[in-house]
Amino acid sequence: MKKVIATTAAPGAIGPYSQAIDTGTFVYASGQIPLDPATGTIPDGITAQTTQSLANVCAILKEAGLSVDNVVKTTVFLADMADFGAMNEVYGKVFTEPYPARSAVAVRELPKGVLVEIEVIAVR
């Protein structure tokens, strides 16, 4: 089984991909950039951008009937690893123990010039 998860409470897919795919056991959410779905704007700074990216992740999880408590793995893409500490502070306010497994990598560039993108895998 493969079901598309889509919500207007998170930015729509820009291209040939889905916001998330539900396999029945796992939900694989595409990377979320800090685009505010209501205004189309991107906030300034890593703290605000991480907050918005995670809000978008939460909206997709909610559409799937899940929450951050269901997340088992995250991948955080940063435009600059110097932003890791500030991102981690926001991240630590959203996720609680037992924390999901996580990878955090610096990349050369992210869509729309954002500072962070976050993808998750959640389990039912």
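What's counted below: heavy atoms across the whole structure, side chains too, no hydrogens, waters or symmetry copies.
- At a threshold of 4.5 Å between non-hydrogen side-chain atoms, the residues S103 and K73 count as touching.
- Annotation for V68 and V94: closest pair CG2-O, 3.6 Å, computed over non-hydrogen atoms.
- Judged by a 6.0 Å distance limit and a 45° cone about the ring axis, R102 is not positioned over the six-membered ring of F95.
- Listed by first and then second residue, the side chain to side chain donor-acceptor pair (under 3.5 Å) pairs involving residues 4-31 are D22-R124 (not counting sequence neighbours).
- Closest non-hydrogen pair, E117 versus P111, comes out as OE1-CD, 3.7 Å.
- L35 and P11 make their closest contact through O-CG, 3.1 Å (heavy atoms, listed as atom of the first residue, atom of the second, distance).
- In the hydrophobic clustering of ILVMFWY residues, with side-chain heavy atoms under 4.5 Å counting as a link, V114 and L78 come out apart.
- Looking only at side-chain heavy atoms (C-beta outward), T96 and D69 come within less than 4.5 Å of each other.
- Listed for the D36 side chain is no donor-acceptor partner under 3.5 Å among the backbone atoms of I42.
- Applying the side chain to side chain donor-acceptor pair (under 3.5 Å) test to every pair with at least one member in residues 45-60, sequence neighbours left out, gives these pairs: Q52-N56.
- Nearest heavy atom pair, residue I60 against residue I5, reads O-CG2, 3.8 Å.
- In terms of hydrophobic clustering, with Ile, Leu, Val, Met, Phe, Trp and Tyr side chains grouped at heavy-atom distances under 4.5 Å, I21 and V123 are assigned to different clusters.
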